[in-house]
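Proteins get letters first, then strands, A, B, ... in listed order; numbering begins at 1 in each. Hydrogens, waters and symmetry mates are skipped; everything else that's a heavy atom, side chains included, is used.
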Protein chains: 2
Amino acid sequence: MMKEYRELTKAELELMLNGLEAEYEQQKSKGLKLDMSRGKPSTEQLDMGNDILKMVDYENAYFAEDGTDCRNYGGLTGIPEARRLVGELLDVAPEYVIVRDNSSLNIMHDMISRSMSHGVMGHTPWHKLDKVKFLCPAPGYDRHFSITEYYGIEMITIPMTGTGPDMDLVEQYVNNDADVKGIWCVPKYSNPQGISYSDETVRRFARLKPAAGDFRIFWDDAYVEHHLYEDDRDELLELLGECEEAGNPDIAYKFCSFSKISFAGAGISAIASSKANLDYILKSLFFQTIGPDKMNMLRHAKYFGDLAGIKAHMNKHADITRPKFEAVVSALETELSGLGIGSWIKPKGGYFVSFDALPGCAKAIIALLKEAGVVMTPAGATFPYGKDAEDKNIRIAPTFPTTGELGQAMELFVLCVKIASARQLLGQ
Amino acid sequence: MMKEYRELTKAELELMLNGLEAEYEQQKSKGLKLDMSRGKPSTEQLDMGNDILKMVDYENAYFAEDGTDCRNYGGLTGIPEARRLVGELLDVAPEYVIVRDNSSLNIMHDMISRSMSHGVMGHTPWHKLDKVKFLCPAPGYDRHFSITEYYGIEMITIPMTGTGPDMDLVEQYVNNDADVKGIWCVPKYSNPQGISYSDETVRRFARLKPAAGDFRIFWDDAYVEHHLYEDDRDELLELLGECEEAGNPDIAYKFCSFSKISFAGAGISAIASSKANLDYILKSLFFQTIGPDKMNMLRHAKYFGDLAGIKAHMNKHADITRPKFEAVVSALETELSGLGIGSWIKPKGGYFVSFDALPGCAKAIIALLKEAGVVMTPAGATFPYGKDAEDKNIRIAPTFPTTGELGQAMELFVLCVKIASARQLLGQ
């Protein structure tokens with residue numbers, strides 16, 4: 001009969017730890033070299049998109065449907081067919097979409113930068129305010145938090161629940177504190193937990209009554225079609241429509257990226273929002289750039305065609321990534337269930353598996369992994385300022401390694417969890 | 001014997017004006033529709049680069065020479081072969097180059113934006129200063145001036161001479177006024193005059209002793225290989241080396257773009273500067289983006305190979321654009337020489353012909369052209385705040401129209417110059 005670690009005697013724990021440490025030394029001697037620090041698509045996944053590169057390499061292939069020569073200047077909003085494609089993906093009309101180059105993070109950064117320097121639609125530029133605060137549901141996406149930290153914006157951690165951020169807390173802050181100017185959200189298959197916001201959560205977002213007229217929801221719909229299962233998918237309520245209905249038409253920016261649809265280094269990305277927000281953004285984009293790379297938009301629009309095309313492609317991604325996610329979850333279940341030294345969520349989509357160790361163990365686990373050749377996202381990275389107050393959350397990124405490598409890495413992972421937990425309980 | 005307009009009697013001028021106006025009405029009835037407002041490559045020029053689109057569309061074509069899979073994330077500096085190619089183009093070592101996406105204007109904007117929000121290498125962020133000033137050699141590039149205006153930077157017009165900006169004035173401002181943080185330069189085949197800075201001008205730039213430690217030269221080498229003639233080319237002294245020799249290693253940023261080499265809408269662009277400047281920029285780029293489009297860098301590196309490849313391609317551009325430039329200059333010479341109502345510079349490269357009308361006539365000429373269906377860059381655009389104090393400079397962009405269209409446009413242009421000048425002299 002399996003016992004939880006905390007039920008073991010000191011002697012039992014010590015004996016077990018000795019064995020685990022011996023096993024760890026053996027593992028270490030294998031000389032693993034694996035980087036699982038980022039959610040990167042695998043080569044196999046990238047290969048699936050290679051035909052995208054052939055979409056504009058023939059005679060007269062460079063005209064957009066409105067006659068635009070995509071090789072020449074112009075077109076700040078993006079070409080019509082790309083706006084339509086993204087519109088379908090984000091469930092909004094094409095006129096509410098601006099398509100840009102390959103990095104949605106860049107769009108988000110620029111949105112923050114623009115709000116700092118020029119304000120939001122006539123409001124005081126944020127850099128002139130004594131204080132600007134952002135709400136950061138956590139665990140969350142480290143690169144979101146990096147941007148707000150870079151701009152000296154005070155970040156307030158909002159705990160995640162099974163249905164999204166703690167909305168009582170969100171409402172309390174947003175509706176009462178005029179310094180709160182924004183919130184970072186990954187509403188579907190959230191990074192790193194794979195949680196999708198419930199309809200009620202989305203509606204509560206749409207119905208916020210912000211104290212600040214320039215408060216905005218930064219809704220990073222990064223994993224909108226990134227399901228793992230054909231028959232068990234999360235559906236996210238469309239935010240912009242809800243906001244308009246609630247009398248908050250300008251309260252949200254939606255972002256999306258093809259980085260994990262086509263190519264992580266050569267996709268397209270987009271922002272969707274109200275006409276008023278987009279007009280303001282376009283005015284600023286005029287000063288910012290001579291225009292986007294329309295040829296790459298054309299490649300994407302021609303290859304995918306419509307939402308059905310994207311969905312079909314995403315199914316192929318799922319066929320590659322699903323076994324990897326299942327290998328991770330299976331290793332955790334087989335090796336850690338019932339031991340009381342960690343918990344995890346089995347995701348139905350997205351790019352990560354989130355693991356919560358015993359409080360105070362995450363850094364130790366990641367250090368052990370590193371010593372044995374496996375680099376993970378640094379402990380704490382999923383929290384504002386890189387500080388996980390409980391030092392427990394670890395983000396596992398299963399997609400890039402081969403299944404074989406992943407097996408080795410997970411074998412090591414559970415071993416490190418066990419060692420760190422035993423040491424912790426022994427007060428070492 | 002041809003007389004200057006100002007030597008004609010009132011009656012002679014009136015009689016002539018009547019005839020010119022009748023001719024103008026005739027021209028107007030042709031219903032021309034031509035946009036000569038921007039320096040856009042023609043379709044024929046774009047066609048020359050179509051093979052670039054085929055450089056990565058075959059099996060395993062997506063690896064950079066260091067093994068990087070360009071389809072995946074990463075690589076903030078750009079791939080090695082692209083850095084080397086740009087390095088050759090800008091005559092600097094590859095390690096002093098960061099390659100980015102298609103818009104060099106975007107790099108320049110971001111440099112200003114970053115300096116506003118975070119300062120330059122440890123100096124006070126510009127937005128915290130009471131005043132920030134930029135020197136603007138004029139006539140110059142309107143999109144440069146737009147950026148500094150957007151950020152509320154005070155622009156000081158520096159007159160252009162035949163060897164570059166008035167360096168006495170530049171030295172006086174830069175070396176004495178700590179509010180002066182930068183200067184916009186298009187040092188070779190300048191926009192719009194086609195003037196290349198002399199060696200002496202470049203050396204005086206390198207030897208500036210700025211009052212502000214965070215003063216930077218924004219050296220937009222947009223037309224570095226954009227010669228019109230094989231045997232009559234301007235050579236520009238390389239700035240960064242001169243700066244280093246002069247003990248000013250961090251004083252300058254060089255920018256370049258492939259927009260007028262490969263595709264105006266789908267090229268690559270770059271910044272070159274000292275290691276210290278690049279390190280500072282890279283730290284900021286980390287927050288700004290997940291990475292550039294490396295596939296497009298690879299396309300360019302594979303297609304051009306090296307500087308010789310670029311030069312060969314630029315010769316083909318010149319074969320297309322040279323007759324257009326010559327048609328413009330020839331129309332001016334044939335129709336306006338000796339009339340004392342305008343002056344121009346015959347360029348040896350670049351993208352524009354600069355025309356100076358009689359003071360007070362530029363707006364009127366452009367309005368007449370517009371009424372007859374030819375859209376030019378707005379009068380004043382070549383000066384800070386869009387204000388040409390003398391209302392005389394007009395930028396002619398010969399590349400985009402066909403030779404036939406250009407002929408019609410120039411016929412109309414000289415007519416409008418004559419009408420506006422006659423009216424001006426008659427006090428109408």
Side-chain angles (χ1 to χ4, degrees), chain A residues 38-41 43 46-47 49-51 53-59 61-62 68-75 101-106 109-110 113-114 116-118 125 127-128 143 146-147 149-151 257 259 262-267 284 286-296 400, chain B residues 38-41 43 46-47 49-51 53-59 61-62 68-75 101-106 109-110 113-114 116-118 125 127-128 143 146-147 149-151 257 259 262-267 284 286-296 400:
Chain A
R38 309 301 314 174
K40 287 169 75 170
T43 304
L46 296 169
D47 282 345
N50 281 348
D51 281 350
L53 304 167
K54 300 181 182 167
M55 291 293 113
V56 296
D57 66 355
Y58 55 93
E59 195 80 22
Y62 34 80
T68 299
D69 186 336
C70 293
R71 302 169 303 174
N72 220 325
Y73 286 119
D101 295 332
N102 74 319
S103 168
S104 62
L105 197 73
N106 205 339
H109 166 275
D110 289 355
S113 172
R114 179 183 297 133
M116 293 296 298
S117 62
H118 288 80
H127 78 75
K128 288 191 177 162
R143 300 295 295 262
S146 297
I147 295 174
E149 184 173 3
Y150 181 62
Y151 280 95
S257 168
S259 290
S262 59
F263 301 122
S284 155
F286 170 81
F287 297 103
Q288 187 179 335
T289 176
I290 204 77
D293 183 333
K294 297 181 295 298
M295 289 301 282
N296 209 33
F400 189 68
Chain B
R38 308 300 314 175
K40 285 170 75 170
T43 305
L46 297 170
D47 283 344
N50 281 347
D51 281 349
L53 304 168
K54 300 180 182 168
M55 290 294 114
V56 295
D57 65 356
Y58 54 93
E59 195 79 24
Y62 34 80
T68 299
D69 186 334
C70 293
R71 302 169 304 174
N72 220 325
Y73 286 119
D101 295 332
N102 74 318
S103 169
S104 62
L105 197 72
N106 205 337
H109 165 275
D110 289 355
S113 171
R114 178 181 299 133
M116 292 297 296
S117 62
H118 288 82
H127 78 75
K128 288 191 176 162
R143 300 295 295 264
S146 297
I147 295 175
E149 184 172 4
Y150 180 63
Y151 280 95
S257 168
S259 290
S262 58
F263 301 122
S284 154
F286 170 81
F287 297 102
Q288 187 179 334
T289 176
I290 204 77
D293 184 334
K294 297 182 295 299
M295 289 301 283
N296 209 33
F400 189 68

> Does the side chain of B:Y73 come within less than 4.5 Å of B:K294's, by heavy atoms?
Replying inline: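 Contact flag for B:K294/B:Y73 side chains = no.
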> Does the ring center of A:H127 lie less than 6.0 Å from the ring center of A:Y151?
Replying inline: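 No, too far apart.
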When rounded to the nearest 0.5 angstrom, what distance separates [atom1] in [X] from [atom2] in [Y]?
| X | Y | atom1 | atom2 | result |
| --- | --- | --- | --- | --- |
| A:D57 | B:M55 | CG | CE | 10.0 Å |
| A:F287 | B:L105 | CZ | CG | 11.0 Å |
| A:S104 | B:I290 | OG | CD1 | 8.0 Å |

> Could you go step by step and tell me if A:S284 and A:R114 meet the side chain to side chain contact (heavy atoms under 4.5 Å, CB included) rule?
Replying inline: CA-CA 8 Å; A:S284 155; A:R114 179 183 297 133; 2.7 Å; yes
Partner chain B: residue of [options] with the largest heavy-atom pair count (under 4.5 Å):
| options | answer |
| --- | --- |
| A:K40, A:M116, A:H118, A:K54 | A:H118 |
| A:F400, A:F286, A:Y62 | A:F286 |
| A:N72, A:N102, A:D101 | A:N72 |

Counting only heavy atoms closer than 4.5 Å, note whether [X] contacts chain B via side chain, backbone, both or neither.
| X | value |
| --- | --- |
| A:S146 | both |
| A:P292 | backbone |
| A:T43 | both |

>> So does B:G291 get a backbone contact from the side chain of A:S103, meaning a donor-acceptor N/O pair under 3.5 Å?
In response: no
If you count heavy-atom pairs under 4.5 Å with chain A, which of [options] comes out on top?
| options | value |
| --- | --- |
| B:S117, B:P125, B:G49, B:A264 | B:A264 |
| B:D51, B:N296, B:N50 | B:N50 |
| B:R71, B:H109, B:M295 | B:R71 |

